2 protein chains.
Amino acid sequence: MPSHALGFAAHDHSSCVKSALGTALDACAERGVQMTPVRKRALEILLENHSAMGAYDVLVRLDAEGLGSKPPVAYRALSFLVEQGFVHRIERLNAFIACAHPGDKHDPAFMICRTCGTVAEAQISSATLGASAAQSGFQIEQTVIEAQGLCPACQPEGTA
Amino acid sequence: MPSHALGFAAHDHSSCVKSALGTALDACAERGVQMTPVRKRALEILLENHSAMGAYDVLVRLDAEGLGSKPPVAYRALSFLVEQGFVHRIERLNAFIACAHPGDKHDPAFMICRTCGTVAEAQISSATLGASAAQSGFQIEQTVIEAQGLCPACQPEGTA
DNA sequence: CGCTTTCCGTTATGTTATAACATACACCGC
DNA sequence: GCGGTGTATGTTATAACATAACGGAAAGCG
Ligand SMILES: [Zn+2]
Ligand SMILES: [Zn+2]
Ligand SMILES: [Zn+2]
Ligand SMILES: [Zn+2]
């Protein structure tokens, strides 16, 4: 009975971490980029509980393991992971979270619980935004879609 | 020939500022909240050129007019304006922008030009996100939708 | 070996945001 | 007028987030 939640649902966490890590390693090999110890450990830390963490939170963990103590260490590793699509940045929280379905490049959407802070990654298309952009001639390269509200666990009983 | 752009289109700016300010004033009266000098001036500053400004940029302007020089002054005024829906916060830029169509409460969507920094507010529905949220039981209270890309003016000639 | 590239370590600083506390002022019932 | 109440301001200090810039280690390659 895994206690970690991926999004709002329980799941087999150890296999999920293993697979995410494997996917990342494979992608790195294929792309000719390096999954160095710092980068790998940063990804593992984010995968550990699927929660959004600030760069400094990650840094504290890295520091505890002797992998670096200065902000640039964390920011460099996180930038790499975001570039490679293994991790997403949540603008609203100034935080980072491991991708819930790595492997395919995508524009993520997030649901952020205002109460418990749990973050779930949703699969959505930004078609409506695309239509609006086309009208005005705007060329979309990347979208940030973040919804804030209440996750199932945090909703008052009668309100769901 | 007004030089300011609302979004990517030119428009009659002085009348637009006047009307936005009027709408805000009316709304305050109706809601029983106060449009104090600092708040009003902050809104005017943001309306001036329809561009996204950082809190400290606004603060510099306020300071120059003797309306306050310390960060909380700007943040309080901006928080008020955001709460009342006269101003939106752009998470991705850590910046603020006057609402392009105040009066009706709405979840704004933005198109942010990577090159010139121009920000346009779009009218879109977050229906797709809503459907996704409903499936997982998430109760959306607020959404942030921000697209980054190239505005018409910044696109290379043959690429539009 | 000399050269390049990539990653890492460190210093220093810049930028954004809020906690906490003190003061001013208007309004109201008395 | 006076004390209480609420809202808005002023001020200090610090928290939290992020990057510029420079030097050094290590790997790959002629
Ligand atoms: Zn998991
Ligand atoms: Zn993802
Ligand atoms: Zn205008
Ligand atoms: Zn708006």
Side-chain angles (χ1 to χ4, degrees), chain A residues 24-25 28-29 31-43 45-46 51-84 86-97 112 114 117 119 144 146 148, chain B residues 24-25 28-29 31-43 45-46 51-84 86-97 117 144 146:
Chain A
L25 256 359
C28 284
R31 296 170 197 168
V33 297
Q34 299 176 47
M35 181 61 89
T36 64
V38 189
R39 293 168 176 179
K40 184 175 172 197
R41 198 68 197 101
L43 178 54
I45 287 166
L46 285 173
S51 69
M53 300 178 71
Y56 280 71
D57 298 331
V58 174
L59 181 57
V60 165
R61 297 284 312 273
L62 291 174
D63 192 15
E65 306 178 21
L67 286 169
S69 61
K70 309 300 166 51
V73 171
Y75 280 101
R76 284 196 284 237
L78 290 168
S79 297
F80 171 85
L81 295 171
V82 169
E83 272 165 25
Q84 298 301 320
F86 307 144
V87 163
H88 300 299
R89 179 181 162 84
I90 316 275
E91 299 293 340
R92 195 178 171 99
L93 305 178
N94 293 327
F96 300 84
I97 192 167
I112 306 164
R114 160 169 59 80
V119 174
V144 173
E146 296 168 11
Q148 188 172 104
Chain B
L25 256 359
C28 283
R31 296 169 197 167
V33 297
Q34 300 175 47
M35 180 61 89
T36 65
V38 190
R39 293 168 175 179
K40 183 174 172 199
R41 197 69 196 100
L43 177 54
I45 287 166
L46 285 174
S51 68
M53 298 179 72
Y56 282 75
D57 297 332
V58 174
L59 180 57
V60 165
R61 298 283 312 273
L62 292 174
D63 191 14
E65 305 178 21
L67 287 169
S69 61
K70 310 299 167 52
V73 171
Y75 280 101
R76 283 197 283 238
L78 290 168
S79 298
F80 171 85
L81 295 172
V82 168
E83 273 165 24
Q84 298 301 321
F86 307 145
V87 163
H88 300 299
R89 179 181 162 86
I90 316 277
E91 298 294 340
R92 193 175 173 101
L93 304 178
N94 293 325
F96 300 83
I97 192 167
V144 172
E146 295 168 11

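Fair warning: this is a prediction, and the values are worked out from it, not measured in the lab. In the text below, chain A, chain B and the rest are named by the order of the sequence lines, each starting its count at 1.
One atom, CG of A:L93, and another, C1' of D:dC17, lie 13 Å apart when rounded to the nearest Å. Rounded to an integer number of Å, the gap from A:M35 CE to C:dC7 C1' is 14 Å. A straight line from CG of A:L59 to P of C:dC8 spans 14 Å, rounded to a whole angstrom. Atom CG of B:D57 is separated from atom C1' of C:dA17 by 14 Å (rounded to the nearest Å). Between B:D63 atom CG and D:dT11 atom C1' there is a gap of 13 Å when expressed in whole angstrom units. Following rounding to the nearest Å, B:F96 (CZ) and C:dT16 (P) show an atom-to-atom distance of 10 Å. Rounded to a whole Å, the OH atom of B:Y75 is 20 Å from the P atom of D:dA8. Following rounding to the nearest Å, A:M53 (CE) and D:dA16 (C1') show an atom-to-atom distance of 15 Å.
Between B:R92 and A:E91, the shortest heavy-atom distance links the atoms CA-OE1, 3.7 Å. Between A:L46 and A:F96, the shortest heavy-atom contact is CD2-O, 3.6 Å. Across all their heavy atoms, A:A55 and A:A74 have their closest contact at O-CB, 3.7 Å. Heavy atoms only, all atoms of each residue included: A:V73 and A:G68 are closest at CG1-CA, 4.1 Å.
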Heteroatom pairs (N/O) under 3.5 angstrom, protein to nucleotides 10-13 of chain C:
residue	atom	partner	partner atom	Å
C:dT11	OP2	A:K70	NZ	3.1

Set out, line by line, the N/O atom pairs under 3.5 Å between protein and nucleotides 23-29 of chain C.
none

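Put simply, A:R89 has no side-chain N or O that comes within less than 4.0 Å of OP1 or OP2 on D:dC17. OP1 or OP2 of D:dT9 lies within a sub-4.0 Å distance of a side-chain N or O belonging to B:T36.
Closest to the side chain of B:Q34, out of C:dC7, D:dA8, D:dT9, is D:dA8.
Of the two residues near DNA chain D, B:N94 and B:F80, the one whose nearest nucleotide lies more 5' is B:F80.
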Where protein sits on nucleotides 23-30 of chain D, one letter per nucleotide: B base, S sugar-phosphate only, - none, heavy atoms under 4.0 Å: --------
Show me the donor-acceptor pairs within less than 3.5 Å that the side chains of residues 59-67 of chain A make with the rest of the protein, sequence neighbours left out.
residue	atom	partner	partner atom	Å
A:R61	NH1	A:E48	OE1	3.1
A:R61	NH2	A:E48	OE1	3.4
A:R61	NH2	A:E48	OE2	3.1
A:E65	OE1	A:R41	NE	2.6
A:E65	OE2	A:R41	NE	3.4
A:E65	OE2	A:R41	NH2	3.2

Test side-chain contact (heavy atoms from CB on, under 4.5 Å) applied to B:L78 and B:R39, step by step: CA-CA 7 Å; B:L78 290 168; B:R39 293 168 175 179; over 6 Å; no
Pair B:F80, B:T36 - check side-chain contact (heavy atoms from CB on, under 4.5 Å), show working. CA-CA 10 Å; B:F80 171 85; B:T36 65; over 6 Å; no
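The line from CG of A:L93 to CD1 of A:I112 is 4.5 Å long, rounded to the nearest 0.5 Å.
Considering only residues two or more places apart in sequence or on other chains, A:L81 meets the side chain to side chain contact (heavy atoms under 4.5 Å, CB included) condition with A:M35, A:A42, A:L43, A:F86, A:V87.
At the heavy-atom level, B:L78 lies nowhere under 4.0 Å from the strands shown.
When the local axes at the two ends of the helix from C:dC1-D:dG30 to C:dC30-D:dG1 are compared, using 5 base pairs at each end, they differ in direction by 10° after rounding to 10°.
Side-chain atoms of B:R89 and B:I97, non-hydrogen and from C-beta on, never get closer than 4.5 Å to each other.
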